[in-house]
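All chains are named by letter (A, B, ...) in the order of the sequence lines, taking the proteins before the strands, and each is independently numbered beginning at 1. If you're wondering where the values come from, they're calculated on a predicted model, not measured in any experiment.
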There are 2 protein chains.
Amino acid sequence: MSNSTTVQSVDRAIAILEILAREGDSRVTDLATELDVHKSTASRLLAALEHGGLVEQSGDRGRYRLGFGVIRLAGAATAQLDLAKESRPICLRLAETVGETVNIAVPRDGDAVNISQVRGPAAISGHNWVGQRTPSHATSSGKVLLAYGALRVLAELERYTPRTITSPDGLGLDEIRERGWASTVEELELGLNAVAAPIRGRDGSVVAAVSASGPSYRLTPQRLPEVAARLVEAAREISQRLGYYR
Amino acid sequence: MSNSTTVQSVDRAIAILEILAREGDSRVTDLATELDVHKSTASRLLAALEHGGLVEQSGDRGRYRLGFGVIRLAGAATAQLDLAKESRPICLRLAETVGETVNIAVPRDGDAVNISQVRGPAAISGHNWVGQRTPSHATSSGKVLLAYGALRVLAELERYTPRTITSPDGLGLDEIRERGWASTVEELELGLNAVAAPIRGRDGSVVAAVSASGPSYRLTPQRLPEVAARLVEAAREISQRLGYYR
DNA sequence: GGACCTCTTTCCGCTCTGTGGAAAATGAGT
DNA sequence: ACTCATTTTCCACAGAGCGGAAAGAGGTCC
């Protein structure tokens with residue numbers, strides 16, 4: 001990744017943000033001087049940044065400072081960095097203990113999206129799920145997110161295997177909440193089983209799910225409760241690291 | 001300020017930040033689709049944002065998320081918004097009480113820079129100081145920032161009037177710290193007097209000064225201690241609002 | 001209130017920067 | 001090792017961004 005594949009006006013806009021962070025309130029002319037660009041260029045870049053909420057005018061016309069949009073972005077960044085960072089060591093340990101692939105999934109636009117993965121030690125292990133959207137009703141993470149209200153149940157549930165549950169009532173969301181974990185037995189793919197538990201954010205709402213998945217010859221239905229207990233404990237620990245105390 | 005005076009590539013870069021805030025981890029192709037631009041355009045915009053620290057790659061090549069630079073900018077934005085917002089009502093009241101122009105000044109590159117102002121009710125009042133850099137040794141705010149270590153004393157101090165103090169030892173910084181306020185008597189301009197007190201941030205360090213200034217026929221040397229007492233009280237109140245408890 | 005000054009914003013012609021298409025590079029899966 | 005999908009880099013070209021100038025806006029002074 002070299003400097004030749006960048007965008008000069010974006011570089012300049014970012015430089016404006018840096019100057020405002022360092023200097024506070026600044027005028028168009030001062031920013032133009034410091035950037036070594038024409039005043040109208042500085043004014044136009046500031047207009048774009050203001051339109052995006054990253055800078056705002058501080059009362060007097062022509063005086064600019066960083067805007068609230070920056071704080072909003074940082075809030076999202078902090079939350080995302082926290083979940084990835086805090087879950088990593090726990091997932092590494094869990095994959096060793098359970099012997100299967102461990103994933104973290106978050107709710108996104110009606111699907112469960114896997115944001116990280118640690119493979120188990122077995123020679124035969126499943127897909128790379130990172131970044132993949134998975135249907136909520138046919139995955140254990142998805143069912144957790146549905147059961148705790150982080151995702152909405154659709155009226156029509158698509159079939160992936162003969163064992164996919166296609167009726168909303170058949171998902172057993174009440175039982176999942178009561179039990180504290182969800183599982184799937186060859187509902188997404190033949191030969192693939194999984195089990196998941198809910199991760200809570202600071203305010204107690206379920207923000208993600210931690211799951212273990214593996215081939216059905218290894219992760220048998222008989223084994224699911226034992227693995228679930230470990231996932232529930234891991235989810236509790238991750239939740240605490242995110243600031244949830246109960 | 002219309003949409004016609006913006007910069008398309010900056011708009012696109014900001015849109016990428018918004019998508020990452022909403023979606024979390026995203027791939028180049030997904031961002032390109034959502035932005036309705038070519039993949040190479042998305043890749044190049046991300047490269048610029050990554051170079052500026054606002055996004056980072058989340059382990060896997062081609063997967064991007066918001067970066068730490070966003071959190072850093074937000075930290076600066078929060079600090080700046082707090083000082084302006086919290087000091088405003090207090091300065092409004094103070095200008096009425098004291099009857100003179102009230103300013104807040106912060107240390108910037110060796111000078112005291114005025115970031116806000118409330119004019120007193122008098123018909124004759126001074127300059128608009130907002131945004132103006134003032135020499136630290138010849139202004140009351142500057143002397144406060146020097147006395148409490150927020151600014152450094154220069155070896156050579158420029159003369160503005162016959163009354164300007166041009167020797168570093170003559171500034172009386174020890175006395176200012178002991179007294180808790182600083183003043184100037186026609187040291188920056190003939191006929192202009194001022195007095196200032198220190199504002200502390202959350203960690204107790206002096207981050208700004210609140211001052212009152214006016215014509216020397218009104219703000220006489222005899223009146224300075226009384227006005228100073230009100231400024232010290234106002235500074236204490238602003239400091240508390242910024243999170244300083246002592 | 002008018003004149004003057006300084007700064008910001010908007011307009012416009014021009015050129016150079018950003019774009020999209022294609023090729024090269026890269027990484028995952030079998 | 002091969003295949004495939006995705007990302008990154010390269011390059012020609014045109015249109016987006018630039019700087020200069022004019023218009024707009026606000027403050028100061030008389």
*Asks:* Output yes when at least one side-chain N/O atom of B/Tyr64 is less than 4.0 Å from OP1 or OP2 of D/dT8, else no.
*Replies:*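 For D/dT8, OP1 or OP2 has a side-chain N or O of B/Tyr64 closer than 4.0 Å.
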
*Asks:* What nucleotide among C/dC11, C/dG20, C/dC7 has an atom nearest to a side-chain atom of B/Ser40?
*Replies:*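 Output: C/dG20.
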
*Asks:* Compare the minimum distances between each of D/dA16, C/dT19, D/dC18 and the side chain of B/Gln8, then state the nucleotide with the smallest one.
*Replies:*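 The closest nucleotide is D/dA16.
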
*Asks:* Start at the 5' end of DNA chain C and walk down; is the nucleotide closest to A/Lys39 or to A/Val10 reached first?
*Replies:*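 Its nearest nucleotide being more 5', the pick is A/Lys39.
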
*Asks:* Using only side-chain N and O atoms of B/Ser43, determine if any of them is under 4.0 Å from OP1 or OP2 of D/dT8.
*Replies:*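 So the side chain of B/Ser43 is within the cut-off, an N or O lying under 4.0 Å from OP1 or OP2 of D/dT8.
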
*Asks:* With respect to the side chain of A/Thr41, which nucleotide from D/dC18, D/dC10, C/dT9 is positioned closest?
*Replies:*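 Closest nucleotide to the A/Thr41 side chain: D/dC18.
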
*Asks:* Whole angstrom is fine here: how far is it from CG in A/Asp11 over to C1' in D/dC18?
*Replies:*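 Going from CG in A/Asp11 over to C1' in D/dC18 covers 16 Å.
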
*Asks:* Compare the minimum distances between each of D/dG19, C/dG21, C/dT9 and the side chain of B/His38, then state the nucleotide with the smallest one.
*Replies:*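 Shortest atom-to-atom distance from the side chain points to C/dG21.
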
*Asks:* Is the shortest side-chain N/O distance from B/Ser9 to OP1 or OP2 of D/dG17 below 4.0 Å?
*Replies:*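 For D/dG17, OP1 or OP2 has a side-chain N or O of B/Ser9 closer than 4.0 Å.
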
*Asks:* Would one find a side-chain N or O of A/Arg44 under 4.0 angstrom from OP1 or OP2 of D/dC18?
*Replies:*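 Indeed, a polar side-chain atom of A/Arg44 lies that close.
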
*Asks:* Would you indicate whether the side-chain heavy atoms of A/Asp25 and A/Tyr64 approach each other to under 4.5 Å?
*Replies:*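 Answer no - side chains too far apart.
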
*Asks:* What I'd like to find out is whether the side chain of A/Thr184 reaches to under 4.5 Å of the side chain of A/Asn193, using heavy atoms alone.
*Replies:*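 The answer is no; the side chains never approach within 4.5 Å.
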
*Asks:* Which of the following nucleotides, D/dG17, C/dT9, D/dT9, is nearest to the side chain of A/Gln57?
*Replies:*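 Given the options D/dG17, C/dT9, D/dT9, the side chain of A/Gln57 is closest to C/dT9.
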
*Asks:* Is A/Glu187 salt-bridged to A/Arg163, cutoff N-O under 4.0 Å?
*Replies:*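 Salt bridge absent between A/Glu187 and A/Arg163.
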
*Asks:* Counting side-chain heavy atoms from C-beta on, which of D/dT9, D/dG17, C/dG18 comes nearest to B/Val7?
*Replies:*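 Out of D/dT9, D/dG17, C/dG18, the nucleotide with an atom closest to B/Val7's side chain is D/dG17.
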
*Asks:* Does the side chain of B/His38 reach to within under 4.5 Å of the side chain of B/Arg44, using non-hydrogen atoms?
*Replies:*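 B/His38 vs B/Arg44: side chains apart.
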
*Asks:* Identify which nucleotide among C/dG20, D/dT8, D/dG19 has an atom closest to any side-chain atom of B/Val28, counting heavy atoms from C-beta outward.
*Replies:*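 The answer is D/dT8, which lies nearest to the side chain.
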
*Asks:* Is the distance from OP1 or OP2 of C/dG18 to the nearest side-chain N or O of A/Arg12 less than 4.0 Å?
*Replies:*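 Looking at the OP1 and OP2 atoms of C/dG18, neither is under 4.0 Å from any side-chain N or O of A/Arg12.
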
